[in-house]
**Student:** 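Below is a structure I'd like to ask you about.
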Amino acid sequence: MSTTIENRGQFGSKLGFILSAAGSAVGLGNIWKFPGKAYNNGGGSFLVIYILMVAIIGTTVMLAEFVLGRKTQKNAIGALRELNEKYSWVGGLGVLTGFIILCYYCQVGGWTIKYIIAYLTESATVYADPTAYFLNMLGVNGFPLQGAIIFPLIFLALTSFIISRGVADGIEKLSKFLMPLLFILLIGLMIRACTLPGAGEGVAYMLHFDPSKINGNSFLVALGQAFFSLSLGMGVMITYASYLSKEDNLISNTGVVCVLDTCVALFAGFMIIPAVCATGIDPGMGGGFAFATLAGVFMSIPGGTIFGLLFYSLLFFAAITSSISILEGTVAFLVEEKGMERKKTVVYVSMVLFVIGVFYTLSQAYMNIKGIWWSLDGVQFPILGDFMEYLTDRLLLPFGAFFTTVFVGWIWGTDNAIKEATSDGKYKFSLAPAWAFLVKFAAPIAILCIIIAGLFLGMSIA
Ligand code: TRP
């Protein structure tokens with residue numbers, strides 16, 4: 001067991017677990033990624049597909065991860081090793097996934113810090129031209145020293161510090177207070193955005209279900225987003241559930257975490273898309289909705305600067321509780337499997353991922369090309385940002401989830417899993433036969449289709 005894990009101890013309460021799992025799940029994925037995907041994939045049509053994906057596949061995989069974690073009382077790698085030595089290599093794949101996600105997660109996390117400071121010191125400059133302010137941070141007018149280097153470095157340093165010191169305990173206590181605050185603020189902002197003059201079109205777009213807008217790609221995007229948003233596919237939820245006791249009801253916990261996470265994504269969607277219509281601010285690149293578009297909303301609210309400050313502070317907090325969970329997964333593997341020293345590992349891993357991450361922000365604007373490829377002297381390269389998301393959301397996370405379901409469904413067996421899920425029959429699980437079917441057949445087949453389609457249909461991740 002790693003020091004952080006020991007330091008963090010057992011979850012003191014049921015709420016502590018839910019908050020930690022929800023803290024990992026609720027992050028940039030919900031507020032920064034989700035609205036853009038909904039916007040690009042048909043609004044209301046995408047919401048329906050997304051909710052179906054979460055309800056059918058997301059919950060299935062989450063319960064599978066919870067069951068593995070509590071059964072073995074080990075972190076992701078240890079859990080696999082204990083149940084079947086042959087499969088610990090999957091842990092290595094999870095490390096790669098987390099590493100790639102963190103490369104860009106820390107960049108965007110850094111942008112939240114930049115915006116906190118902007119709202120403290122120069123909100124008038126942001127309001128003067130929100131899109132220009134955002135693009136400027138990304139480097140359209142010159143090297144983005146702040147957007148790509150300084151603030152991401154601060155974000156990463158904070159994440160690493162928390163991981164290497166094991167102060168995650170304090171984070172958990174803070175979550176109890178800040179997560180509900182985030183929830184309330186999002187609802188308030190959503191109501192404000194939906195009632196802005198001109199927002200009606202955006203609301204209608206998000207509520208309109210148009211089957212003709214649904215295509216194969218909608219499913220690919222929705223499932224990849226669901227895994228990312230629920231923190232599934234790299235064993236984070238295995239580790240978190242390993243601190244639970246038989247007293248805890250895994251089935252209801254699965255429901256609560258999935259519902260909370262999805263509500264946050266929906267609130268963000270209904271906050272940002274109507275705001276795009278009302279303010280006309282469509283930054284067009286680099287997932288700027290959460291940054292540029294919302295500035296237009298804050299501008300329109302009395303005391304908007306305070307709300308803006310609060311919003312970016314909470315977004316920062318949501319991002320860091322997620323980045324901690326990702327870095328912890330990566331570091332734990334290297335420490336436990338490869339016998340590396342913990343603090344050194346944190347520093348080395350962080351340095352490498354930081355250097356790669358810089359190119360993420362650069363590729364958003366400095367190279368100033370939108371699309372999958374950019375070309376240099378006639379040679380084509382994938383745009384790093386899109387490529388990273390493609391690798392993680394389309395291939396690696398689904399693969400991790402596929403493996404989890406196959407492992408639970410076929411190798412360990414659904415009878416054992418259901419016994420664990422119900423705490424040996426203590427809790428009622430009326431959907432057990434359906435879940436068994438999903439874990440064994442429906443989920444792995446659906447996920448496999450997505451992986452294969454992703455491999456052959458190319459890399460559109462919008
Ligand atoms: N779920 C987080 C978000 O929505 C990101 C995240 C945290 C994650 N831990 C993860 C994604 C593990 C995949 C796997 O922002």
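When a ligand or atom number is given, it counts from 1 through the structure's own listing order.
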**Student:** Can you pull every nitrogen or oxygen pair between ligand 1 and the protein closer than 3.5 angstrom?
**Tutor:**
from     : atom 1 : to   : atom 2 : distance (Å)
ligand 1 : 1 (N)  : S24  : O      : 3.3
ligand 1 : 1 (N)  : A25  : O      : 3.0
ligand 1 : 1 (N)  : F228 : O      : 2.8
ligand 1 : 1 (N)  : S229 : O      : 3.1
ligand 1 : 1 (N)  : S231 : OG     : 2.9
ligand 1 : 4 (O)  : A25  : O      : 2.9
ligand 1 : 4 (O)  : G29  : N      : 3.4
ligand 1 : 4 (O)  : N30  : OD1    : 3.2
ligand 1 : 9 (N)  : S231 : OG     : 3.2
ligand 1 : 9 (N)  : S325 : OG     : 3.1
ligand 1 : 15 (O) : L28  : N      : 3.1
ligand 1 : 15 (O) : G29  : N      : 2.8
ligand 1 : 15 (O) : Y105 : OH     : 2.5

**Student:** Quickly, which of V221, I451, L455 forms a side-chain contact (heavy atoms from CB on, under 4.5 Å) with R394? Name it, please.
**Tutor:**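 Among the candidates, only V221 passes.
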**Student:** Would you mind listing every side-chain hydrogen bond (donor to acceptor under 3.5 Å, both in side chains) that reaches into residues 258-274, with sequence neighbours excluded?
**Tutor:**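 For residues 258-274, and leaving out neighbouring residues, the side-chain hydrogen bond (donor to acceptor under 3.5 Å, both in side chains) pairs sorted by first residue read N30-D261, S229-D261.
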**Student:** With sequence neighbours excluded, what pairs up with F183 under the ring-ring contact (aromatic ring centres under 6.0 Å, His included) test?
**Tutor:**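 Counting only residues at least two positions away or on another chain, F183 forms a ring-ring contact (aromatic ring centres under 6.0 Å, His included) with F267.
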**Student:** Listed by chain and number, what are the ring-ring contact (aromatic ring centres under 6.0 Å, His included) partners of F219, not counting sequence neighbours?
**Tutor:**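 F219: no ring-ring contact (aromatic ring centres under 6.0 Å, His included) contacts found.
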**Student:** Checking ring-ring contact (aromatic ring centres under 6.0 Å, His included) against Y115, which of F298, Y133, F316 comes through?
**Tutor:**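 When ring-ring contact (aromatic ring centres under 6.0 Å, His included) is applied between Y115 and each of F298, Y133, F316, only Y133 qualifies.
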**Student:** Quick one: do Q107 and T361 satisfy side chain to side chain donor-acceptor pair (under 3.5 Å)? Show the steps, please.
**Tutor:** CA-CA 7 Å; Q107 292 288 315; T361 297; 2.5 Å; yes
